[in-house]
Peer 1: 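Have a look at this one.
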Amino acid sequence: MKHSTTPQTRRGHRGGPARRIGRTLALVLPVVLVLSGTLAVTRVNWTGSPSSSVLAASDVTSAEVSARKVTRAPQDVLRDQLMTELQHKNPGVVLTHLQQAVNGRPSLARHCSSIARALGRAAVHIYGASRAQSYARPVCDTAFASGVLAAHS
């Protein structure tokens, strides 16, 4: 077997795709690392007190976007709707709507008592204790009545 002693000549190109990717990474990677390190440092609370918050400029935009995208829990939406309704309708109608909402969406059942108690406390402020108690009925295990009692005590 005969080995050639003449050097191989380059064919006029500087390498294949792997070499080009390597060069690109060699240029881009340090920039990315420096920027990510800089952003990480700006987000650290350097004051030492846990109560103060350091807010990076990029956080303001993301906070505004996330505030628009935040969806409220169904039980919170229902409670707010019923509280608003209580301002215009009597507690009996509102309790009926609470029961209908729980029947229509069983996942709300575990929140029914807390919503009914909140309605009971609000009813005392609007109607007074004795009149609010007159609307009490066994919706969510008499939680409305316990809310009336808690607000009256």
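Note that the coordinates shown come from a computational prediction; the quantities given were computed from them, not determined experimentally.
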Peer 1: Indicate, with yes or no, if L98 and V93 share a hydrophobic cluster defined by side-chain heavy-atom contacts under 4.5 Å among Ile, Leu, Val, Met, Phe, Trp and Tyr.
Peer 2: no
Peer 1: List the atom of I115, the atom of Q75, and the distance in Å for their closest heavy-atom pair.
Peer 2: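 Heavy atoms only, the tightest pair is CD1-O, 3.8 Å.
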Peer 1: Drop me the distance from L149's CG to R117's CZ, to the nearest 0.5 angstrom.
Peer 2: 12.0 Å
Peer 1: Do L119 and P91 come close enough that some side-chain heavy atom pair is under 4.5 Å?
Peer 2: no
Peer 1: I'd like to check Q81 versus L78 (side-chain heavy atoms, cut-off strictly below 4.5 Å). Are they in contact?
Peer 2: yes
Peer 1: With a 4.5 Å cut-off on side-chain heavy-atom distances among I, L, V, M, F, W and Y, is there a chain of contacts connecting V102 to V77?
Peer 2: no
Peer 1: If you compare all heavy atoms of A132 against all heavy atoms of V124, which two are closest, and at what distance to 0.1 Å?
Peer 2: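 Heavy atoms of A132 and V124 come nearest at CB-N, 3.9 Å.
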Peer 1: Output yes when a side-chain donor or acceptor of R137 lies under 3.5 Å from a complementary backbone atom of G92, and no otherwise.
Peer 2: yes
Peer 1: Which heavy atom in M83 sits nearest to a heavy atom in A118, and how many Å separate them?
Peer 2: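 That closest heavy-atom pairing would be CE-O, 3.3 Å.
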Peer 1: Do R121 and V148 have side chains that get closer than 4.5 Å, going by heavy atoms?
Peer 2: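 R121 vs V148: side chains apart.
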Peer 1: Measuring from atom CG of L95 to atom CD of E85, what distance do you get when rounded to the nearest 0.5 angstrom?
Peer 2: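 Output value for this atom pair is 10.0 Å.
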Peer 1: Using side-chain heavy atoms (C-beta onward) and a distance below 4.5 Å, is Y127 in contact with N90?
Peer 2: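 Sidechains of N90 and Y127: in contact.
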Peer 1: Looking at every non-hydrogen atom in both residues, tell me the closest pair between L86 and A122 and how far apart they are.
Peer 2: CD2-CB, 3.6 Å
